[in-house]
There are 2 protein chains.
Amino acid sequence: MSDNLASKITDSELEVMKLLWHASDALPVTDIREQLQRSKGWEPATIKTLISRLVSKGVARQEKRNVYYYSPVISEKEYSSWATKDLITRIYNGKASDLIASLVSSNGLSKDDIAELREMFKVEE
Amino acid sequence: MSDNLASKITDSELEVMKLLWHASDALPVTDIREQLQRSKGWEPATIKTLISRLVSKGVARQEKRNVYYYSPVISEKEYSSWATKDLITRIYNGKASDLIASLVSSNGLSKDDIAELREMFKVEE
DNA sequence: TTGCTTAAGCTACAAATGTAAACTGCTTTT
DNA sequence: AAAAGCAGTTTACATTTGTAGCTTAAGCAA
């Protein structure tokens, strides 16, 4: 999802990507289907469509074993940092600190978050 | 854009909202059209559609003067913090500090940002 | 007052998205 | 081998989004 990737991952597709990201290895449709059917109540057909679209978009890849196995092409980190930068560009005029200021002022940060952040921005360089 | 608001503001619509947010008072279509025609190259018809959709979505309001004047129903702050929380929910599993960690590790923060943040998380409580 | 301009409202239409059925050809089972 | 099941592919269809035209009525310039 460098900036060259045109199409975003949609909400439904993201659910599939999350599975792929959290799997230790490529997954066969069976596994993907099973989990999403349970967690989302989607029909097998729906799940197959989402998988295909991810492959067309180039964010997941299929690998022929006996049956196809699927794995992510972009990592969760790559995607989430892309999505974050996209948000900053679109609504914070490119100022990352404005995003954080907004979080602070809207009470979007838990005590734990704040503790972690204080740690994060303390001695490090 | 409390959580009760179903439909998001789309990218094109956001451009209109930005104008409304940055205006000191309600704006007549004339003004909106003029600016967006210049900055975005959109046809008047397009701009009118976007305005109507914002009104239907309940995020902008029209007020009859002589001609209608438009103003935001939700503030830019409300929207941006909603969008940020939405991002955190969707891709950071609800952990705001993960978002910030991601920004840090992906070099999404400028020197200035970091300085501001260090300030922000220093003595305040 | 008589047009010209153009808000407002309605309609349009392609692409993207959410959701899913139909078809086709392997695999596996009996 | 014949039948059953399901992966992969194709097609479908409603809704949302991006983009814009047409129509009607009203305000303004001449």
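To find a chain, count down the sequence lines: A is the first, B the second, and so on, and within it residues start at 1.
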Taking [atom1] from [X] and [atom2] from [N], how many angstroms apart are they, rounded to a whole number?
X	N	atom1	atom2	value
A/K57	C/dA15	NZ	P	16 Å
A/E13	C/dT17	CD	C1'	8 Å
B/K8	D/dG18	NZ	C1'	17 Å
B/L36	D/dG18	CG	P	13 Å
B/R61	C/dA8	CZ	P	15 Å
B/L50	C/dA7	CG	P	15 Å
B/K40	D/dA20	NZ	P	13 Å
B/W42	D/dG21	CH2	P	15 Å

Residues which pass side-chain hydrogen bond (donor to acceptor under 3.5 Å, both in side chains) with [X], listed by chain and number, not counting sequence neighbours:
X	answer
A/S52	none
B/D11	A/R90
B/S81	none

Intermediate values then yes/no, side-chain contact (heavy atoms from CB on, under 4.5 Å), A/M17 and A/L54: CA-CA 8 Å; A/M17 286 305 284; A/L54 287 170; 3.8 Å; yes
Distance test, side-chain N/O of A/T10 to OP1/OP2 of C/dA16, below 4.0 Å: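 Answer no for this pair, as no side-chain N or O of A/T10 is under 4.0 Å from OP1 or OP2.
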side-chain N/O B/T46 vs D/dA20 OP1/OP2, d < 4.0 Å: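 Looking at the OP1 and OP2 atoms of D/dA20, one of them is under 4.0 Å from a side-chain N or O of B/T46.
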Test item: A/L87 and A/L99 side chains (from C-beta on) under 4.5 Å apart, heavy atoms: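 When only atoms from C-beta onward are counted, A/L99 and A/L87 do touch, with a gap below 4.5 Å.
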Donor + acceptor pair across side chains of A/E63, A/Y69 (<3.5 Å):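 On atom types as modelled, these side chains do not qualify, holding no pair under 3.5 Å.
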With B/R38 via side-chain contact (heavy atoms from CB on, under 4.5 Å) - residues at least two apart: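 With sequence neighbours excluded, B/R38 shows a side-chain contact (heavy atoms from CB on, under 4.5 Å) to B/E34, B/Q35, given in chain and number order.
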End axis versus end axis in the helix from C/dT1-D/dA30 to C/dT30-D/dA1, the angle rounded to 10°, five pairs used at each terminus: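 Computed angle between terminal axes is 10°.
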Atom pair CD1/CD of A/I47 and A/E15 - distance to nearest 0.5 Å: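 One gets 11.0 Å once the value is rounded to the nearest 0.5 Å.
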Nearest-0.5 Å distance, NZ of residue B/K77 to CH2 of residue B/W21: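 Between atom NZ of B/K77 and atom CH2 of B/W21 there are 11.5 Å.
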Summary of protein contacts for nucleotides 5-11 of chain D, nucleotide by nucleotide, where a base hit scores B, a sugar-phosphate-only hit scores S (4.0 Å, heavy atoms): --BBB--
